[in-house]
Every structure is written in C-alpha cells, then in structure tokens.
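Accompanying notes for the structure given below.
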Amino acid sequence: MVASLSPHPKGEGKGSRGIISALSRRLSPTGNTGDAIFRTALFSVALLVVLIVAGMIVALASHSTQSIRQFGFSFLTGREWDPIKGQFGALAFVYGTIVSSLIALLISVPLSLGIAIFLVEQAPRYLARPITFLVELLAAIPSVVYGLWGIFVLAPFLRVHVEPHLARWFGWVPLFQGPITGIGLLTGGVILAIMVTPIISAVVRDVLAAVPNTQREAALALGATKWETTFVVLVNGAPGITGAVILGLGRAIGETMAVTMVIGNRPQISASLFQPSYTLASVIANEFTEATADIYLSSLIELGLILFLVTFVVNAIARLMVWRVTRRTAGAM
Amino acid sequence: MTSLTALCTLVAVGILVLILSYIAMRGVSALNFRFLIDTPRPIGEGGGIGNAIVGSGMLLLLSCAVGIPVGIACGIYLSEFGGGWFVSAVRFLIDRLTGIPSIVTGVFVYAVIVLRMKHFSAFAGGIALALIMIPIVARTTEEMIKLVPHSLREGALALGAPQWRVTIGVVLPAAASGIATGAMLAIARVSGETAPLLFTAFGSRFFPRNLNEPIASLTVQIYNYAISPYDEWHAQAWAATLVLMALILSINILVRFLTRQKFR
C-alpha cells in the first residue's frame, strides 16, 4: 500500500528510507525543493566561514610577502626593530610575549587549580554557583578596562609594595635587578594572569567535573583522605588540565590592549622583569596606524601572521587534550 | 588545605570586587548628564562621550546584523546536518576562530577591507566585530538546538512537514531563548573589544553621519584617554569605563537570571 503511494518505482525495495523520502515527496510536493534550497543556503554560510579562515591565512601571508622575502627567517632572530632604517627583527617581541605569558601562567595556574578544586570538590552547591558566576565575570571585563586599571592601580601598587621587596630579597637574581618603574614585564605578566585565570579555571572545572565519581569512591574506599582523593582526581584529569593551561597560554599570547597599556612598549631584551618590554600583539596595536612605508606595514602584518599561526596551533592542541579527557570520562559514565 | 583553595577563590573574587568598586568610585565622580551627550573637547573644556556611545551602538548593530544570522545559520548547519567530514571541519574551524587574537582579526579586516576602500570606516569595524561574534553565536546555537528533544522533530516530520519547515518552524522556536542568551553574551563580549577597532573603525571626534567613514567607539576612546598624559582625560576614561561596564555587567547578569529560570 505504501509502495503504491510512491510515484517512483525506484523508491521500492530500498528499505524504509526510500519509502519515507518518497512519502514526503508525495505528501508535500514543494518539500524537496524547499529542503534543497534550505540545505544549500546553510551549506554556503558554513562554506563562507571556512573561506574566511582560509582567507585570513591567505590575506595575512600575501600582505607580508615583502617582509618575508626581504628578511626571511632572520625576521624572527633579528634583534633590531628600526622603522627609520627599515630594519625589522622581531626577536624582542617574541621574547616579551613568551616571558609575559610565562609569568602569567606561573601565577594563574596554581590559582586556577585552587579555584577549580574548591568549586568542584569542596564548596557546597549554594556557594559554588554564585562564586562560579563571579569568577566568570572576571572574563567579562574588557581588556582595555584591565589596562586602565593596570595603569592607575596595579602598576603603582607593584612599584611601591611589591617590586622593592622583590629587589631586596631576590636582587641577586638578574630577573629582579634594575630601576623600578612599575611599568614592565612583571606588571604585564600579572595583568595577564588575572585575565587568563577565569579561562583556565573554567576549563579545569569542566575537566574535574568530568572525572567519574567511581574514581573518588574507589579512592575513598581504599582509605584515602579527602586530599589524597583530590590528588587521584587531578591525576585522572591531568591531560585535560594540561590542555587548560595551554589554552590559557594561547589566550595570553594573543592578549593585546591590557598588556600594551602596562608593559612599557620598548623593543628590548632585558633579563630584568622590571624593565619595559614589548609583545607581538602590542607592537601591532601601537604602530599599525603609523606604518607609512610598505615594508613597515608588511613586517607588522607578518607579526600578525605569526600570532595567527602560533595561536591556531596552540589552541588546537589544547582543545584536543581537553576533549580527550571530557570525552573519555563522559563515555565511562 | 581546604583553606588554601578557598584562599585562591577569595583572591580571584577579591580582585573582581576591587576592580569593579574602583571603576564605580572613579567613574561616578566624573559622570554627569552633559558628559553622556557631548562630543570630545580639548583639554580644560570638558567634553563627553556622546559620539562614542552612538558609535559603539552603531558598530554593535552592524556586527549583530552580520554576525547573528551567519552565526545562527552555522549553528543550524552544525547541529541539523550531523556527521560527515565537512561538518567536522566547519566545527573545527569555528572553534579555531574563537581562539584567534582579536588584534589579528583587525589586521585581517584592515588588509581585506580598509586597504581596498583606502579609508577607515564603521563598516570595516562592524565586520571585524561580526567575525568575533560568529563563532560564539554558532556554538551556542548548536548546543541549544541539540537540547531540543527529537520527538518534536519526529512529530513535525510525521505531520508531513519538510525538513526546512521543521527546523525553522519547530526546532528554532524551541531553542530560541537559548540562542538569544548566546547572542546577548556575544554582544557583551564584542562591546568590550578594542584591538580590532583600532585600525578598522579607527575613531572620530564627531557624531557619526554615515557608515562609510571612521567612527568613534567607547573602548577606543577609553584607550586613547587612558594613555594620554592629562588627568582630566583620565577621569573621563574612568567615567566612560563605568558606562561600558554597566552595559556589559547588566547583560551578563540578565543572561544569568534568564538561564537560571530556565534550567532550574
């Protein structure tokens, strides 16, 4: 009887799929054209997004060819950044980016782990929910606002209350020598730490929450204390936690405004954390509109290309690591 | 040891309270009605952020007009057209789009639009912001559509509706409130963006007249005033920050309130 509904003999004998599609064709004659249009429209939008990402690589690469041709690999190893002489080497920016990001991770990783453990393993629900929201609000504060606060509150605070003490007690390490201004790598690192903490702690929270309860119960049943149990949970989620840290790193590398406002913007490589420095992102923000010479602009766009590629790879690795943990444990539950 | 983790949490929340209360304190003292409607003036003559508020509003409208439909369409595509390598590839690239530093988005828009048009414009700024919105809207749309029970789709299909009508007429309305909150969060996120606007929308000292010229925005205004050497402009930067934070915080709290009602 169903087969008789089908206008096309092809639909017969092809199982229920053929029958249903034949039915829907019969029952709503406009349906398939509509579906085809709908499908194509959505597909082209999705394709557009793919093309945008591809277009980003192509546009950034094609606009930086001049600088790539002229400097080649020495662009990354050259220490001199001199727009007047037309000499462009990005080593100082790479250094500033790496060091400020490392300071940020050094501070924010223990902090984020503490927050995540507190919220997932220890805090009662009525406390965990509002606190989670408050920590997430830290991520909602715009970069430029962090920068403003950094200039007028954090930098003076570090200059008066933190850096002199670091210099007094750890002054024998080159990291903490030199004049104290409050504007420099350390301040940039601290402000980055505040900015990536909500991101790292949110992902660690998801990872810890995805660790199956059987792990906790097994540890407790073996006589483990609460802290030993937490340790088991941490070990279980270790790859995901690493992923969260790498995700924070990717974020710190690309962060622009706040760092630009407190890091001092001087292209130099200095061992001291009190000294001004410069990052890849902040040199683009600062000098892009001033770049009049083609080679200058091309060099700045090449910095953008480097940032794009580095964050792309770093984030892809991080997501993969987080996904492997949350997927595995989700399957086990 | 529990006190140690509690301390970590306290530090984070404490910093939030410190920042917000400082903004409120410095902001309120410089804020008045004239400041909200006036344009910037030279040092010593007061001036305000009226043009920046209007500019930010127009940039947000532009980015929503592009970003929200494209984001929702991507989200529908990702959730309703299931597996397949292309869908996975789109999902992967959209996730990567989230992680791209916003300054790079600005450089991209500069290279593609500003260089070609040969001048900064509100249009370019709106596109830059839209590029940041798309992945956020797309992923929330996908998640929200996945929450719609299958029985709803089957019911509609059984009534003879073609797939496009099922998706637009049944699935989307069921997921609408979730999608709306996702869009609101995306708006909150881009309204704080500065880096992608520096060399796309650029900035302006006047009220915007059309979308084809440079346009002021709150965030760029805050940045320019913050790095200026004048105390008066610093005070104005704090006041502008208070306005911006009021917008962003109220969106975040509203979203929180809405989702709380829904998932309880």
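Just so it is clear: chains get the letters A, B, ... in the order the sequence lines come, proteins before strands, and each one is counted from 1.
Note on A:Leu137, A:Ile117, A:Val135: by heavy-atom pairs under 4.5 Å with chain B, the leading option is A:Leu137. When A:Lys226, A:Glu255, A:Arg39, A:Glu136 are compared by the number of non-hydrogen pairs under 4.5 Å with chain B, A:Arg39 comes out ahead. Per-residue counts of heavy-atom pairs under 4.5 Å with chain B were compared for A:Leu48, A:Val153, A:Ile131; the largest is that of A:Val153. For the options B:Leu7, B:Thr167, B:Asp95, heavy-atom pairs under 4.5 Å to chain A are most numerous at B:Thr167.
Of the two parts of A:Leu111, the backbone and the side chain both hold a non-hydrogen atom closer than 4.5 Å to a non-hydrogen atom of chain B. Only the side chain of B:Leu249 comes within contact range of chain A, with heavy atoms under 4.5 Å apart. Proximity to chain B involves both the backbone and the side chain of A:Val45, based on heavy atoms less than 4.5 angstrom apart. For A:Leu297, the part sitting under 4.5 Å from any heavy atom of chain B is the side chain, from C-beta outward, and nothing else. For a residue to count as touching a neighbouring chain, one of its non-hydrogen atoms must lie under 4.5 Å from one of that chain's; by this rule B:Leu157 does not touch chain A. If you measure heavy-atom distances from B:Leu185 to chain A, you find no contacts under 4.5 Å at all. Contact of B:Thr241 with chain A is made through the side chain alone, with heavy-atom distances under 4.5 Å. Heavy atoms of A:Met56 lying under 4.5 Å from chain B belong to its backbone as well as its side chain. Contacts of B:Val70 with chain A are made by both backbone and side-chain atoms, with heavy-atom separations under 4.5 Å. Interface residue A:Leu60: only side-chain heavy atoms are found under 4.5 Å from chain B. Within the 4.5 angstrom heavy-atom criterion, only backbone atoms of A:Pro110 (N, CA, C, O) approach chain B. There is no contact between A:Arg251 and chain B, counting heavy-atom distances below 4.5 Å. With a 4.5 angstrom heavy-atom cutoff, B:Phe202 touches chain A only via side-chain atoms. Only the side chain of A:Ile194 has a heavy atom closer than 4.5 Å to any heavy atom of chain B. Looking at A:Thr260, the atoms closer than 4.5 Å to chain B (heavy atoms on both sides) all sit in the side chain, from C-beta outward. Proximity to chain B is limited to the side chain of A:Asn286, based on heavy atoms less than 4.5 angstrom apart. Contact annotation for A:Val49: only side-chain heavy atoms (C-beta onward) come within less than 4.5 Å of a heavy atom of chain B. For B:Ala188, no part lies under 4.5 angstrom from a heavy atom of chain A. Using a 4.5 Å cut-off between heavy atoms, A:Trp227 touches chain B through its side chain atoms alone. Proximity to chain B (any heavy atom under 4.5 Å) is shown, for A:Phe43, by both the backbone and the side chain.
Side-chain contact between A:Val145 and B:Met245 is present, with heavy atoms from C-beta onward closer than 4.5 Å. Proximity of B:Leu16 to A:Ile141: side-chain heavy atoms (C-beta onward) are separated by under 4.5 Å at one or more points. Counting only heavy atoms from C-beta outward, the side chains of A:Phe288 and B:Ile103 never approach each other to under 4.5 Å. Two residues are said to be in side-chain contact when any heavy atoms from C-beta on lie closer than 4.5 Å; A:Ile253 and B:Pro101 fail this criterion. Within the 4.5 Å cutoff, the side chain of B:Ile19 has heavy atoms near those of the A:Tyr146 side chain. Between A:Ile151 and B:His234 the shortest side-chain heavy-atom distance does not fall below 4.5 Å. Side-chain atoms of A:Met261 and B:Tyr223, non-hydrogen and from C-beta on, do get closer than 4.5 Å to each other.
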When the side chains of residues 304-318 of chain A are checked against the rest of the protein, which donor-acceptor pairs come out under 3.5 Å, sequence neighbours left out?
{"from": "A:Thr311", "atom 1": "OG1", "to": "A:Leu307", "atom 2": "O", "distance (Å)": "2.7"}
{"from": "A:Thr311", "atom 1": "OG1", "to": "A:Phe308", "atom 2": "O", "distance (Å)": "3.1"}
{"from": "A:Asn315", "atom 1": "ND2", "to": "A:Thr311", "atom 2": "O", "distance (Å)": "3.0"}
{"from": "A:Asn315", "atom 1": "ND2", "to": "B:Gly99", "atom 2": "O", "distance (Å)": "3.3"}

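When all heavy atoms of A:Ala46 and B:Tyr77 are compared, the closest pair comes out as CB-CD2, 3.6 Å.
Atom CH2 in B:Trp238 sits 9.0 Å away from atom CH2 in A:Trp149 (nearest 0.5 Å). Taking CG of A:Leu134 as the start and OG1 of B:Thr9 as the end, the distance is 11.0 Å to the nearest 0.5 Å. Summarising the geometry, atom CG belonging to A:Leu113 is positioned 11.0 Å from atom CG belonging to B:Leu4; distances are rounded to the nearest 0.5 Å. Note that OH of B:Tyr110 is 10.0 Å distant from CG of A:Leu300, once rounded to the nearest 0.5 Å. Remark: A:Phe38 CZ to B:Arg165 CZ distance equals 12.0 Å, nearest 0.5 Å. The distance from the CD1 atom of A:Ile37 to the CH2 atom of B:Trp164 is 8.5 Å, given to the nearest 0.5 Å.
The contact list for residues 192-200 of chain B toward chain A, using heavy atoms and a distance under 4.5 Å, reads B:Gly192, B:Thr194, B:Ala195, B:Leu198, B:Phe199 by residue number.
More than 12 heavy atoms of other residues, nucleotides or ligands shown are found within 6.0 angstrom of CZ on B:Phe86.
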